[in-house]
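Just so you know, these numbers use all the heavy atoms, side chains as well, and skip hydrogens, waters and symmetry mates. Counting starts at 1 for both ligands and their atoms, in listed order. Numbers for residues simply follow the sequence, beginning at 1.
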Amino acid sequence: MKYVMDIDMNVQTNQFTGKQKLEYWNNSPDTLSRVFYHLYFNAFQPGSMMDTRSRRQGTISMGRGKDWDPRVRDRILNLKPDEIGYQKIKSLKMNGRAQSFKVLETILEVVLDKPILPHSKVVFDMEFEAQVPLQIRRSGRDNPTSKVRYSMSQWYPKMCEYDYEGWHPTPYVGREFYGVWGDFEVNITIDKRYIIGGTGILQNPNQIGYGYAEDGVKVRQPAGDKLTWKFAATNVHDFMWAADPEYVHKTRKVNDTVTLHLFYKPTNASAAQWEKVLDDAEKAFPFIEKTFGVYPYRQYTFIHGGDGGMEYPMATLLVSPGAWLHEWLHSWYHGVLGNNESLYGWMDEGFTSYAEDRVSAFLRGSSGFPYGGVYSGYYSLVKSGLEEPLSTHADHYNTNAAYGAAVYSKGAVFLEQLGYIVGAPVRDKILLEYYKQWMFKHPNASDFIRIAEKVSDIKLDWYKEYWIYSTKTIDYSIDSLWEEAGKTKIRLKKIGLMPMPIDLQLTFKDNSAEMHYIPMYLMFGEKQAEDETMPRKVYEPWKWTHDTYVIETDKKLTDIVLAEIDPSLRMADVDRKNNKLELKW
Ligand SMILES: [Zn+2]
């Protein structure tokens with residue numbers, strides 16, 4: 001797919017006109033009689049699905065507050081005509097023939113006069129007009145905190161994804177995105193005083209200047225009140241940009257191929273806080289590439305804008321510097337793997353949160369367990385009684401609270417707990433292999449599990465079924481200990497409905513320790529010892545239908561001072577109190 005867009009922005013009216021040429025390849029084996037586009041800006045109109053759902057969440061109490069997003073609340077309902085957002089389609093042609101279309105709020109449905117045959121290409125030509133909404137959520141103008149004029153995400157009519165599940169005409173109700181891989185040429189004509197950062201690489205830097213021009217080149221801006229910025233991006237699934245006349249623009253080359261850009265205004269954070277992002281990013285980058293895979297683009301841009309932190313291909317919008325690492329790490333998941341985030345938000349937000357915890361521990365030089373936050377987020381979710389399975393569509397969770405905790409925390413726990421099941425070094429190999437094999441291909445949960453199975457030689461379908469498709473929880477306990485013929489027997493009990501392999505560590509009076517490892521039956525495999533220095537006894541698999549399992553050590557009962565299930569804390573056991581038995585003799 002290839003977009004060529006020419007945009008003419010009026011900074012007085014906050015409206016723009018756009019011409020969009022879209023070369024669309026139907027790479028599927030199916031004949032397409034309709035196509036769908038997203039019209040995200042139409043969500044910012046009173047009574048829209050986003051508005052109505054937000055006000056509905058406002059009726060649900062959550063602790064001391066309400067379940068609605070505090071940025072959205074009932075603000076859409078109160079937008080005036082010059083503050084709403086819209087995208088209006090003026091004309092649409094396919095291969096030069098006018099097509100009829102229907103606007104269904106944030107989705108444009110086009111019934112084609114001739115179907116698109118499998119493995120063939122068509123060209124869509126569209127003319128559209130849009131108004132940039134006052135910033136409510138993610139995109140928009142004049143954010144009151146950052147004072148950034150334009151945060152331009154979800155700003156153009158965007159072709160929906162057609163994949164093995166068919167069309168994904170997902171209305172803009174709350175969150176998360178999915179798009180077609182393609183190339184973009186975006187030419188933005190705007191008031192000469194504005195400075196733009198975004199997805200893609202500026203093609204005419206020496207006509208623009210503003211920190212983009214090549215060293216030693218004299219910038220020659222064309223005459224007139226407006227400048228045309230020409231951006232190009234290849235192999236991305238979206239294009240975002242932001243513009244403000246007061247942006248400070250800094251760059252940092254972090255290796256032979258990659259340059260980081262930073263655009264900020266010292267409004268709600270200092271210049272030093274913003275510029276530290278580049279220092280930290282430069283320091284983290286080799287560790288990130290080694291752990292999660294090679295960044296495939298030449299450029300990445302941190303842009304002050306948006307209303308929180310939000311990821312886009314090759315760039316992020318940050319209302320303040322704090323979320324820079326999280327949003328940058330999205331490049332490896334949202335950006336390069338491009339999961340359908342409506343269905344697999346946890347594979348993006350969860351994996352990104354996991355990576356964020358790991359990289360921030362690296363930056364702090366800390367060797368402690370960095371995932372305490374995501375585990376306690378998951379445990380609170382379980383206690384809240386609001387939990388829904390991770391397989392729930394992102395927009396269909398009953399509460400925003402349950403969505404957030406599930407996708408960010410339970411999704412991050414998924415990876416650290418996978419390390420418990422297969423071993424941390426094997427989990428790390430899985431992450432790299434997954435990235436390598438699925439980059440630019442929209443993997444789903446089963447695709448990840450298959451890579452994990454192949455790399456670990458352990459069956460893991462059960463892990464997906466319990467952790468992702470159910471809300472069943474893990475709880476194992478130490479039931480009883482007794483001595484028999486000079487040996488000690490320990491009975492373990494499975495209380496929770498989700499089965500897991502068990503690491504049981506015994507510590508003795510002389511400070512020595514033993515690991516007792518019981519694989520779970522459905523694994524049809526076992527993890528290797530993670531600590532070579534500790535003796536380890538491997539048992540026959542625990543059948544998940546059986547509630548108890550007895551293990552044995554050659555030591556006497558009175559030699560044992562501590563018995564603990566999973567001292568690594570990686571197994572998300574919802575009641576850890578019964579995991580541990582301290583014996584005082
Ligand atoms: Zn995120």
If the threshold is 4.0 Å, N to carboxylate O, is there a salt bridge linking D279 and K283?
no
Electrostatic pair K2:E185 at N-O distance under 4.0 angstrom
yes
Main chain of V132, side chain of W155: is a donor-acceptor contact present, judged purely on distance under 3.5 Å?
no
Judged by atom type as modelled, is there a donor-acceptor pair below 3.5 Å linking the side chain of N268 to the main-chain atoms of V319?
yes
Across all chains, not counting sequence neighbours, the side chain to side chain donor-acceptor pair (under 3.5 Å) partners of D142 are R149
What are the protein N, O or S atoms, given as residue plus atom name, that sit under 2.8 Å from the Zn ion (ligand 1)?
H326 NE2, H330 NE2, E349 OE1
Salt-bridge present (R55, D51; N to O < 4.0 Å):
yes
